[in-house]
2 protein chains.
Amino acid sequence: MESGDRQEVFARERQQHIALSVEEHGRVRVTDLAERFAVSEVTIRKDLRVLETEGRVVRAHGGALAPSRSRAERAFEVRERLQRAEKERIGAAAAALVADGESIALDASTTALAMARHLKTRGGWVHLTVITNGLRIASELAGHRGITVALPGGFVRWEAMSVVGPLGGGLLEKVNIQKAFMGAAGFTLETGLSDATEEEAQLKRLIVAASSEVVALVDHTKWGRTAFATFCPTDRLTAVVTDEEAPAGMANALRQRRITVHVASGLEKTPSQSSRRSADSTALDMPS
Amino acid sequence: MESGDRQEVFARERQQHIALSVEEHGRVRVTDLAERFAVSEVTIRKDLRVLETEGRVVRAHGGALAPSRSRAERAFEVRERLQRAEKERIGAAAAALVADGESIALDASTTALAMARHLKTRGGWVHLTVITNGLRIASELAGHRGITVALPGGFVRWEAMSVVGPLGGGLLEKVNIQKAFMGAAGFTLETGLSDATEEEAQLKRLIVAASSEVVALVDHTKWGRTAFATFCPTDRLTAVVTDEEAPAGMANALRQRRITVHVASGLEKTPSQSSRRSADSTALDMPS
DNA sequence: CAACGAGATTGAAAGCAATCGGAACCTGTG
DNA sequence: CACAGGTTCCGATTGCTTTCAATCTCGTTG
């Protein structure tokens with residue numbers, strides 16, 4: 001950019017070339033690109049980071065690869081990777097709150113997916129009914145002994161692999177749900193649980209309305225944030241499952257409102273014998 | 001691939017190859033992989049550990065195995081393999097019958113899944129609406145430019161990864177469908193299209209009722225067989241897409257009833273320029 | 001028109017993290 | 001118990017992130 005004989009090459013322009021190169025060859029290396037465009041490797045890495053957030057390449061140590069899967073799968077997997085460890089723990093703790101014979105609802109969040117995997121692993125169900133608007137969750141749980149899966153009807157939102165829309169009402173108005181386990185994009189005391197899109201929020205409101213109890217599944221990054229559309233006020237919540245880094249002040253405020261706060265710590269390792277009674281080990285007491 | 005002139009391969013890339021290898025062969029051995037990628041066995045074991053945490057392989061002494069798929073996935077895959085080549089061709093021919101701007105319905109059959117894959121590949125859609133009760137199809141088509149996917153509500157039948165049940169009515173009573181593409185377990189002139197379970201047939205009847213035209217997707221093994229529940233009488237059919245081995249007599253009888261019979265031969269290869277008019281190349285004339 | 005500041009782009013440098021394989025040591029399997 | 005196979009720890013190397021400052025563009029202001 002500074003001087004010399006090179007022609008002007010805008011950053012954006014260079015990124016396009018990199019993207020094309022990845023498309024063509026399937027893989028590129030940082031060192032090669034730096035040489036080819038006569039810029040530093042730092043700059044190339046910045047370009048790759050931009051392209052990665054756009055979903056056009058997948059970064060790897062030393063370079064980048066062409067994204068293999070379809071757009072929907074990619075978008076979903078990116079979200080799934082974020083705070084994976086926390087979601088895993090939250091999912092395990094939430095799964096422990098479910099008793100055989102219940103009817104529960106799960107939304108289409110990645111945290112609920114983690115929970116579904118734990119329900120699946122636990123096994124031994126005689127009659128568990130799961131209502132979900134998440135295609136991934138439905139696929140995951142289908143065919144497991146003792147688990148019945150129901151989906152509301154509607155349009156498929158590929159960003160979340162979820163079913164939304166006014167058409168979905170039919171099922172949700174007819175069923176009774178004991179506990180709804182809901183992820184969210186934001187969670188504050190004042191606004192409750194909120195999500196990024198109105199259509200997703202609409203369907204979640206229906207789920208909430210059909211449920212006796214509502215359990216929020218929110219890792220610490222969701223606390224204190226507000227997303228576009230609220231679908232569940234704080235007072236409607238029965239319990240909140242979160243991780244250790246959630247702000248203590250807000251957690252205490254929730255307890256004062258008689259909302260149980262389950263903190264899923266990374267320590268508890270009871271994969272097999274965690275019956276539904278013993279597993280909420282860290283509930284109700286949070287250090288500091 | 002094997003050795004010698006090995007180019008720099010990113011760790012992530014190598015892991016992808018290992019995962020593919022496991023998927024394909026069902027099992028891999030550490031020593032083989034170490035030789036193939038010209039890295040130490042320690043490194044391969046680290047790769048396998050990563051892939052295991054991602055759930056893509058299951059480690060074992062000496063190597064790794066493909067993760068045992070769920071009952072639902074196994075059942076589905078078995079059906080998918082049967083007459084795969086025929087289903088592939090039928091799917092391609094059927095996809096050629098779809099025009100941009102239409103609303104179509106697909107059932108949860110594996111033949112419809114093959115068709116969906118062709119719709120996806122074809123691309124260039126501006127506004128195609130697909131109503132399906134197949135979870136696999138919905139997942140496959142979601143997120144593709146110009147394609148809107150809708151699902152009826154209901155319970156998930158794991159055997160077919162389909163949505164069934166009386167609750168699903170809501171959506172299907174409100175929408176208009178131009179063409180319904182329906183697989184079947186049996187097809188005769190007298191009984192029409194039939195399926196093995198009543199609940200699946202119930203939902204298909206709703207789809208048929210909501211559609212202007214009905215196109216049957218039936219490979220030759222379905223002809224002349226009758227399954228438990230009929231969901232569409234022969235006279236309701238607009239067209240039938242099948243393969244070359246379908247009985248000529250029955251095909252002619254269909255044509256006499258003014259039902260178009262498309263025979264998907266293995267020869268035609270018109271992936272790009274097959275507009276909706278030209279694509280029924282083998283329709284209406286069946287040799288021998 | 002010069003001066004100024006906000007914003008974008010770039011890369012040098014320093015510190016951090018991932019990758020890899022060797023070696024010592026542990027473990028599952030026959 | 002023998003031993004192939006696995007784990008853990010370590011250091012070397014390479015690549016990555018962050019910080020910070022230099023440079024350039026562009027719009028605004030005096």
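Chain identifiers are assigned alphabetically (A, B, ...) following the order of the sequence lines, protein sequences preceding nucleic acid strands; residue numbering begins at 1 within each chain.
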Roughly, in whole Å, what's the span from [atom1] in [X] to [atom2] in [N]?
X     : N      : atom1 : atom2 : value
B/I18 : C/dT19 : CD1   : C1'   : 14 Å
A/R27 : D/dG15 : CZ    : P     : 13 Å
A/H61 : D/dT13 : NE2   : C1'   : 10 Å
A/I44 : D/dT17 : CD1   : C1'   : 16 Å
B/R59 : D/dG6  : CZ    : C1'   : 7 Å
A/E41 : C/dT9  : CD    : C1'   : 18 Å
B/E52 : D/dT7  : CD    : C1'   : 14 Å
A/F10 : D/dC26 : CZ    : C1'   : 13 Å

From the list [options], which nucleotide is the closest neighbour of the side chain of [X]?
X     : options               : value
A/V39 : C/dG11, D/dG5, D/dC16 : C/dG11
B/K46 : C/dG21, D/dG6, D/dT7  : C/dG21
B/V42 : C/dG21, D/dG6, C/dG11 : C/dG21
A/R49 : D/dT18, D/dG6, C/dT19 : D/dT18

Hey, is the side chain of [X] poking within less than 4.0 Å of OP1 or OP2 on [N], counting only N and O atoms?
X     : N      : answer
B/R45 : C/dT19 : no
B/R14 : C/dC20 : yes
A/S40 : C/dT10 : no

Exercise for the section: Would you indicate whether the side-chain heavy atoms of A/L141 and B/V156 approach each other to under 4.5 Å? Expected result: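 Not touching, per the 4.5 Å side-chain cut-off.
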Practice task
Please examine the side chains of A/F37 and A/T43, heavy atoms only from C-beta on, and report whether any two atoms are closer than 4.5 Å.
Solution key: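 Not touching, per the 4.5 Å side-chain cut-off.
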Indicate, with a heavy-atom threshold strictly under 4.0 Å, whether [X] touches base, sugar-phosphate, or nothing.
X     : result
A/R29 : nothing
B/A34 : nothing
B/R12 : nothing

Handout entry: Trace of the side-chain contact (heavy atoms from CB on, under 4.5 Å) decision for B/R71 with B/W158
Key = CA-CA 8 Å; B/R71 194 164 45 140; B/W158 64 266; 3.4 Å; yes
Practice task
Taking atom types as modelled, find out whether B/H118 and B/E88 have a side-chain donor-acceptor pair closer than 3.5 angstrom.
Solution key: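 Note: B/H118 and B/E88 side chains meet the donor-acceptor criterion.
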Practice task
Check the side chains of A/R205 and A/Q202 for a donor-acceptor pair under 3.5 angstrom, ignoring hydrogens and angles.
Solution key: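 Note: A/Q202 and A/R205 side chains miss the donor-acceptor criterion.
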Practice task
Can you pull out how bent the helix from C/dC1-D/dG30 to C/dG30-D/dC1 is, comparing the axes over its first five and last five pairs, to 10°?
Solution key: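 Answer for the end axes of this duplex: 30°.
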Exercise for the section: For the pair A/V214 and A/I207, evaluate side-chain contact (heavy atoms from CB on, under 4.5 Å) and give the outcome as yes or no after the intermediate values. Expected result: CA-CA 9 Å; A/V214 179; A/I207 295 179; over 6 Å; no
Handout entry: Salt bridge flag under 4.0 Å for residues B/E13 and A/R29
Key =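 Salt bridge absent between B/E13 and A/R29.
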Handout entry: Ion pair A/R45/A/E41, N-O distance below 4.0 Å
Key =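 Yes, charged N to carboxylate O under 4.0 Å.
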